[in-house]
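Here is how names work: the chains are called A, B, and so on, in the same order as the sequence lines, proteins then strands, and each is numbered from 1.
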There are 2 protein chains.
Amino acid sequence: MGNPTSGQEATDHVAKILREAIRAGEMAPGHRLVEFDLADRYGVTRAAVRGALLDLTGEGLVERIANRGARVRVIPLEEAVQIVECRAALEGLCAARAAEHVQDADRELLRAIGAGMREAVGSGDVMSYSKLNQQLHAHILRLSGQKVAAGLLERLNAQIVRHQFRLSLRPGRPQTSLPEHLALIEAVCSGDAPAAERAAREHLASVAEALRRSTEEK
Amino acid sequence: MGNPTSGQEATDHVAKILREAIRAGEMAPGHRLVEFDLADRYGVTRAAVRGALLDLTGEGLVERIANRGARVRVIPLEEAVQIVECRAALEGLCAARAAEHVQDADRELLRAIGAGMREAVGSGDVMSYSKLNQQLHAHILRLSGQKVAAGLLERLNAQIVRHQFRLSLRPGRPQTSLPEHLALIEAVCSGDAPAAERAAREHLASVAEALRRSTEEK
DNA sequence: GGCGAAGAAAGTGTCAACAATCCTGAGAGC
DNA sequence: GCTCTCAGGATTGTTGACACTTTCTTCGCC
């Protein structure tokens with residue numbers, strides 16, 4: 001089952017590795033992605049790397065300049081804010097739909113996540129909180145049944161994970177976002193679609209605001 | 001200046017032709033896209049066609065199955081409805097922002113489009129109405145300054161133009177959508193962001209509803 | 001006649017060499 | 001000291017042949 005050195009599978013494999021590396025910040029924005037080096041490092045052909053870079057370009061994670069190669073795309077703060085605004089619109093939609101579809105089992109699950117979040121913030125465990133945050137959003141998307149919106153959100157999220165991760169490390173940020181998350185959970189669980197939409201949008205408006213503020217300071 | 005037979009330029013050229021052909025319905029959903037044939041028809045190399053198909057796949061217009069080639073993707077009605085719902089969320093955002101940025105020159109332009117629409121519907125000129133419709137949406141996007149949302153909407157629109165075009169030909173449909181468009185224009189012009197968002201969302205909710213209904217009949 | 005294997009046909013997928021392009025830095029000329 | 005030019009090297013872009021997969025067709029066998 002050793003990964004092949006080329007082919008569609010290899011392309012996907014490399015794309016996955018690179019996505020993860022970019023997400024984790026191992027490859028900083030602006031970092032050059034030389035086809036030959038990557039092929040060498042991951043033991044695949046240059047064609048596979050090339051394909052992966054093409055894919056990632058389509059996803060907006062990588063930027064290519066003709067004859068000059070690819071690099072990790074730098075997402076300006078202004079764009080990151082717009083991305084969050086789009087997320088607000090789309091997650092608002094999903095939260096509303098999720099509230100319409102919620103079942104008892106889902107309520108239990110969501111509230112368990114909420115409890116975990118409260119605990120994580122209480123003990124200052126930022127990593128756990130971040131994980132639960134992802135789980136929460138993922139569950140709401142699944143509940144909403146909105147596959148198109150989920151696809152768009154996945155793309156958008158991949159582009160700003162770095163910005164958002166940095167944000168989550170700021171002192172006081174979890175204390176701000178926790179009540180917003182809890183409000184979202186309660187709104188969805190109560191089946192109140194307009195309230196759920198409002199909660200999702202308010203939460204993301206708060207993220208956008210925090211992002212904007214992070215320009216001045218830093 | 002004759003178009004090259006290969007290279008990035010040729011790839012883009014072919015992608016553009018295919019996009020247009022799919023949009024115009026010359027290539028029905030499900031239509032097979034054989035690399036060699038297309039290369040022959042458009043006088044480019046197979047590599048160029050291949051690249052174009054890869055791009056279009058990323059845009060969701062084309063579907064590829066390993067070793068079996070590409071075909072025009074069939075967008076099920078259920079998905080088309082979800083796309084319209086996403087559009088509602090995103091265009092709502094854009095309409096609100098547009099209302100915040102609107103200037104006198106823009107008001108004149110938007111109202112001129114509105115007047116043109118009224119006239120087109122009055123004289124039953126569906127083609128003009130459709131064109132003006134596109135112009136209206138494009139202007140609102142530009143006004144909003146939301147480049148990210150504009151990019152997402154472009155992708156989404158490309159996927160459902162066919163559904164939407166068929167819809168616009170239904171008797172009575174223009175009469176329904178005209179007042180919605182006029183309301184949107186007035187809301188944006190008056191600078192009332194929440195009203196503009198509401199108008200955009202109501203309009204697209206009506207489109208979604210019409211789409212859903214078109215399943216039963218036909 | 002029905003069934004399945006084998007072979008041909010149609011297309012797509014891959015590769016490795018080659019071509020084109022862009023950056024770098026050294027050196028000539030002003 | 002400054003600019004301009006031009007090899008040289010590093011990297012990306014392209015190509016055409018070939019390998020592989022899937023599908024279609026034919027033919028032999030029961």
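- Side-chain atoms of A:Y42 never come within 3.5 Å of backbone atoms of A:A10 as a donor-acceptor pair (strictly under, hydrogens ignored).
- Put simply, the side chain of B:S168 gets close to the backbone of B:F165: a donor and an acceptor are under 3.5 Å apart.
- Residue whose closest nucleotide on DNA chain C sits further toward the 5' end, between A:A47 and A:R68: A:A47.
- Heavy-atom contacts of chain B under 4.0 Å fall on DNA chain D between two terminal nucleotides, which in 5' to 3' order are D:dT14 to D:dT23.
- In the model, A:S214 has no side-chain atom that pairs as donor or acceptor with a side-chain atom of A:R173 under 3.5 Å.
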Side-chain atoms of residues 94-106 of chain B: list all donor-acceptor pairs with protein atoms under 3.5 Å, sequence neighbours left out, distances to 0.1 Å.
residue: B:R97; atom: NH2; partner: A:E85; partner atom: OE2; Å: 2.8
residue: B:H101; atom: ND1; partner: B:L143; partner atom: O; Å: 3.1
residue: B:D104; atom: OD1; partner: B:R107; partner atom: NH1; Å: 2.8
residue: B:D106; atom: OD2; partner: B:Q103; partner atom: N; Å: 2.9

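- In this structure B:Q8 satisfies the side chain to side chain contact (heavy atoms under 4.5 Å, CB included) test together with B:T11, B:D12, sequence neighbours excluded.
- Between the CD atom of A:E9 and the C1' atom of C:dT14 there is a distance of 15 Å, given to the nearest Å.
- Contacts between residues 33-41 of chain A and DNA chain C, defined by a heavy-atom separation under 4.0 Å, are absent.
- Between the CZ atom of B:R71 and the C1' atom of C:dG11 there is a distance of 13 Å, rounded to whole Å.
- The side-chain heavy atoms of B:R19 and B:L56, taken from C-beta on, include a pair separated by under 4.5 Å.
- Taking atom CZ on B:R46 and atom P on C:dA10, their separation rounds to 15 Å, with Å as the unit.
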Practice task
Could you walk me through whether B:Q164 and B:R87 pass the side chain to side chain donor-acceptor pair (under 3.5 Å) test, one step at a time?
Solution key: CA-CA 13 Å; B:Q164 205 158 1; B:R87 278 190 57 192; 2.9 Å; yes
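- Using cut-offs of 30° and 60° on the angle between ring planes, the pair A:H137 and A:H203 is tilted.
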Can you give the donor-acceptor pairs under 3.5 Å from side chains of residues 30-38 of chain A to other protein atoms, not counting sequence neighbours?
residue: A:E35; atom: OE1; partner: A:R46; partner atom: NH1; Å: 2.5
residue: A:E35; atom: OE1; partner: A:R50; partner atom: NH1; Å: 3.4
residue: A:E35; atom: OE2; partner: A:R50; partner atom: NH1; Å: 2.8

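- Residues from residues 58-67 of chain A that place a heavy atom under 4.0 Å from any atom of DNA chain C, listed by number: A:N67.
- The pair B:R201-B:E180 does not meet the salt-bridge criterion, since no charged nitrogen lies less than 4.0 angstrom from a carboxylate oxygen.
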